[in-house]
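Predicted, not measured: the structure shown is a model, and the values here were computed from it.
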Amino acid sequence: MPLTNFTIKPGINKEVTDYTGQGQWVDSDNVRFFQGLPQKIKGWDKFVDTTIVGVVRDQHGWIALDGTRYDAFGTDRKLYVYEEGLVFDITPIRATEALTDPFTTNGTATVLVSDAGHGCEAGGFVTFDSFSTIDGLDMNQEFEVTSVVNTSAYTVTHTSTATGSTAGGGGSGNAEYQINPGPAFSTSAYGWGTGEWDVARAGGLGWGVPSSPDTAGNVTLAARQWSLDNFGEDLIATQLNGGTYRWDTSSGTSTRAAIVANAPTTSRLSLVSSPDRHLILFGTETTIGNPATQDDLLLRFSDQEDINNYTPTAENTAGSLRIADGSRILAAERSRGQTLVWTDTSLHSLQFIGPPFTFGLRQLGQNCGIIGQHAGIDLNGNSFWMSQDSFYTFDGSVKKLPCTVEQFVFNNINQTASENAFAGHNGEFNEIIWFYARTGSDQINAVVVYNYVEGTWWTGTLARTSWIDRETYDNPVGTEYLADTTANNETILGLTAGATQLYIHEQGDDADGEAMDAYLKSGAVQIGQ
């Protein structure tokens, strides 16, 4: 009997049923299409053996002037930098207090710390130094804040049990407070489930009394995001609706990131323009230093080559602009000859035009907003992004990308967590990878991939919360959040679970030493006798 040869179109089409999708692939996992043929994706191994605190929301790799390779990771709780095999905590310090006899023990591992106006939130981090041992407890270590009692006291948890009960001890020393953490997950509204309920968070009003809507000023609906970039060889890090920090590479990994002097204290994101080198802050303050004046559509830029000067004068190029279309700026990417800026509804071009206006702003498209801060990517002047219900590209004009998995993706995306979606690039295989959370998951657990050379799409279940391509390292680096794992990269007493593992991708065949499940499913195929 002669062989029957049949061909199936490359890519996945999930807009058809198994029966109507004759001659097409309709489902897959851990499979890619390259040069018209399907193949199992390559594997991954641990980038470092240890795990870091929190869920990574942005990652940025670069090479310093001396050739040292760095990779920065912004989590909901900390800021890290990787240098040649080790990960270092460079989380900024928000305050350092000199305290006398602040510790109260009660014969357990819980220690009450007294500090008027400490500003802590549960889950934050404090490091004590120069204190005396109290009831057998060495307090000169880093702790996670277990709970906030009131504005003058909080608790931490030691690994040992106090041998006695002492009210007010420990002698004189210092408490170094790191910036407070942000939410690990996005929540949809105020009210029950938005945060830990207690009398303090309800403004002291008591059970059943709403906080209208947040008398403590602590409720944040969006998960903590970071935007990471370089000013020269130094790292610039801006936390969503928070401050902007600089880590000086020349000071080494023992030095933490520090606040950028004179910069707005509250911004949505930041980016360094090229080649003119202005630090641009998006969704920032109309009055610098006053968070109450934050305008989600205002962008403010520093003086050229001076990230510490934002006050416009006749002698500098600092200034500000406001976007008119949309309700908030969500993302920005450098592109060829311009910076692209997305709101929730539109796309804009920011171009350096020189004095006296410095930058010119023009709208490129409407009804084509971006879904999240990291959901867009620019490749050689062509930009691609994920919107709320479609995929788009800009190559001089805004175009909607034909997509054979569009309905599947957007019918199954978790809208509450949609702003955590982000785009990664795998240049070896001409792939743009969007990672997102499907319905029923508050963390990223799925991918949709587009081969921009061959125009093919496919889906999968790779759970990565950030990704960088192979420019800095020999292979791409991705991060996976492990909700039930306690980080072990550093010694922190009282640390709660929730950690990230770093992986190096596109090597070997296995998933970190374990066999990788992969499959490919076609539509109905009719074979003659």
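- None of Thr75, Thr465, Thr500 except one satisfies the side-chain hydrogen bond (donor to acceptor under 3.5 Å, both in side chains) rule with Thr479; the exception is Thr465.
- No salt bridge links Arg256 with Asp248; every basic N to acidic carboxylate O contact stays at or beyond 4.0 Å.
- The distance from atom CG of Leu271 to atom CG of Leu340, rounded to the nearest 0.5 Å, is 10.0 Å.
- In the model, Gln141 has no side-chain atom that pairs as donor or acceptor with a side-chain atom of Asp129 under 3.5 Å.
- Distance alone, capped at 3.5 Å, is enough to place a donor-acceptor pair between the Thr358 side chain and the Thr317 backbone.
- Donor-acceptor pairing under 3.5 Å is recorded for the side chains of Thr265 and Glu285.
- By the 4.5 Å heavy-atom criterion applied to side chains, Glu333 and Thr339 are not counted as neighbours.
- At distances below 3.5 Å, at least one donor-acceptor pair connects side-chain atoms of Arg94 with backbone N or O atoms of Gln178.
- Using a distance-only test at 3.5 Å, with no hydrogens or angles considered, a donor-acceptor pair links the side chain of Thr255 to the main chain of Ser251.
- Atoms CZ and CG, from Arg268 and Leu297 in turn, are 9.5 Å apart once rounded to the nearest 0.5 Å.
- Ser327 and Asp344 share a side-chain donor-acceptor pair at under 3.5 Å.
- Side chain of Thr238 to main chain of Ser227: no donor-acceptor pair is present (N/O by atom type, distance under 3.5 Å, no hydrogens or angles).
- In the model, Thr155 has a side-chain atom that pairs as donor or acceptor with a side-chain atom of Ser147 under 3.5 Å.
- Side-chain N/O atoms of Gln415 and Gln388 include no donor and acceptor closer than 3.5 Å.
- The side-chain heavy atoms of Leu364 and Ser349, taken from C-beta on, include a pair separated by under 4.5 Å.
- With rounding to the nearest 0.5 Å, the separation of CZ in Phe143 from OG1 in Thr127 is 9.5 Å.
- Between the side chains of Thr293 and Asn290, no donor-acceptor pair is found at a separation under 3.5 Å.
- The distance between the ring centers of Tyr177 and Phe125 does not fall below 6.0 angstrom.
- One distance of note links OH of Tyr310 with CG of Asn262; it measures 8.5 Å at 0.5 Å rounding.
- Taking the six-membered ring for Trp and thresholds of 30 and 60 degrees, His278 and Phe359 have ring planes more than 60 degrees apart, a perpendicular arrangement.
- Between Asn316 and Asn309, the shortest heavy-atom contact is ND2-ND2, 3.4 Å.
- The backbone N or O of Val272 sits less than 3.5 Å from a side-chain atom of Asp229, completing a donor-acceptor pair.
- A donor-acceptor contact under 3.5 angstrom links the side chains of Asp325 and Gln363, judged on distance only.
- The minimum heavy-atom distance between Ser186 and Ala417, with the atom names listed, is CB-CA, 4.3 Å.
- Proximity of a side-chain donor or acceptor of Thr393 to a complementary backbone N or O of Ser383 within less than 3.5 Å is detected.
- Without hydrogens or angle criteria, Ser267 side chain to Leu269 main chain gives no donor-acceptor distance under 3.5 Å.
- For the pair Ile259 and Thr244, the minimum side-chain heavy-atom distance is 4.5 Å or more.
- Among the candidates His505, His60, His425, the single residue satisfying the ring-ring contact (aromatic ring centres under 6.0 Å, His included) test with Trp467 is His505.
- The pair Asp76-Arg57 fails the salt-bridge criterion, with no side-chain N (NZ, NE, NH1 or NH2) lying under 4.0 Å from an Asp/Glu carboxylate O.
- Residues Arg224 and Glu121 are not paired through a salt bridge, judged by the lack of any N-O separation under 4.0 Å between the basic side chain and the carboxylate.
- Using a cut-off of 4.0 Å between Lys/Arg side-chain N and Asp/Glu carboxylate O, Arg77 and Glu144 are scored as salt-bridged.
- Between Arg334 and Asp378, none of the side-chain N atoms (NZ, or NE/NH1/NH2) sits under 4.0 Å from a carboxylate O, so this pair counts as no salt bridge.
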Go through the steps for Asp306 and Arg277 under the test salt bridge (Lys or Arg N to Asp or Glu O under 4.0 Å), then give the verdict. CA-CA 8 Å; Asp306 184 2; Arg277 284 164 56 89; over 6 Å; no
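- Contact record, Leu281 with Ser270: CD2-CB, 3.4 Å, taken as the closest heavy-atom pair.
- Atom OG1 of Thr146 is separated from atom CG of Leu112 by 11.0 Å, given to the nearest 0.5 angstrom.
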Applying side-chain contact (heavy atoms from CB on, under 4.5 Å) to Asn174 and Leu99, what does each step give before you reach the verdict? CA-CA 6 Å; Asn174 303 302; Leu99 305 177; over 6 Å; no
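- With a 4.5 Å cut-off on side-chain heavy atoms, Lys78 and Ile492 count as touching.
- Using modelled atom types and a 3.5 Å distance limit, the side chains of Asn241 and Gln294 yield a donor-acceptor pair.
- Here the shortest heavy-atom pairing between Thr91 and Leu79 reads OG1-N, 3.0 Å.
- Taking OH from Tyr436 and CD1 from Ile413, the interatomic distance works out to 7.0 Å, rounded to the nearest 0.5 Å.
- Residues Arg328 and Glu419 are paired through a salt bridge, judged by an N-O separation under 4.0 Å between the basic side chain and the carboxylate.
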Worked check of side-chain contact (heavy atoms from CB on, under 4.5 Å) between Ile90 and Thr253: CA-CA 7 Å; Ile90 60 167; Thr253 53; 5.6 Å; no
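- For Asp115 (side chain) and His118 (main-chain N/O), no donor-acceptor pair under 3.5 Å exists by modelled atom type.
- Judged by distance alone, with hydrogens and angles left aside, the side-chain atoms of Thr343 form a donor-acceptor pair with the main-chain N or O of Ser346 at under 3.5 Å.
- For Phe394 and Trp385, the ring centers are positioned 6.0 Å apart or more.
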Pair Phe435, Phe422 - check ring pair (Phe, Tyr, Trp, His ring centres under 6.0 Å), show working. CA-CA 6 Å; Phe435 300 81; Phe422 74 95; 4.7 Å; yes
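- Gln501 and Tyr481 form no side-chain donor-acceptor contact under 3.5 Å, judged by distance and modelled atom types alone.
- Minimum heavy-atom separation, Gln59 to Gly478: NE2-CA, 4.5 Å.
- Glu83 places no side-chain N or O within 3.5 Å of a backbone atom of Asp71 that could act as its donor or acceptor partner.
- Smallest separation of non-hydrogen atoms from Ala497 and Ala483: CB-O, 3.6 Å.
- Taking the centre and axis of the six-membered ring of Tyr392, the NZ or CZ atom of Lys399 falls outside the cone set by 45° and 6.0 Å.
- Stacking of Arg246 on the aromatic ring of Phe231 is not recorded, the 6.0 Å distance cut-off and the 45° axial limit not both being met.
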Run the numbers on Leu228 and Leu235 for side-chain contact (heavy atoms from CB on, under 4.5 Å), then give the verdict. CA-CA 7 Å; Leu228 307 175; Leu235 175 71; 4.2 Å; yes
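- Aromatic rings of Tyr70 and Trp247 (six-membered ring for Trp) have centroids within the 6.0 Å cut-off, being under it.
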Does Tyr245 form a side-chain contact (heavy atoms from CB on, under 4.5 Å) with Ile179? I'd like the steps, not just the answer. CA-CA 11 Å; Tyr245 306 90; Ile179 58 173; 3.5 Å; yes
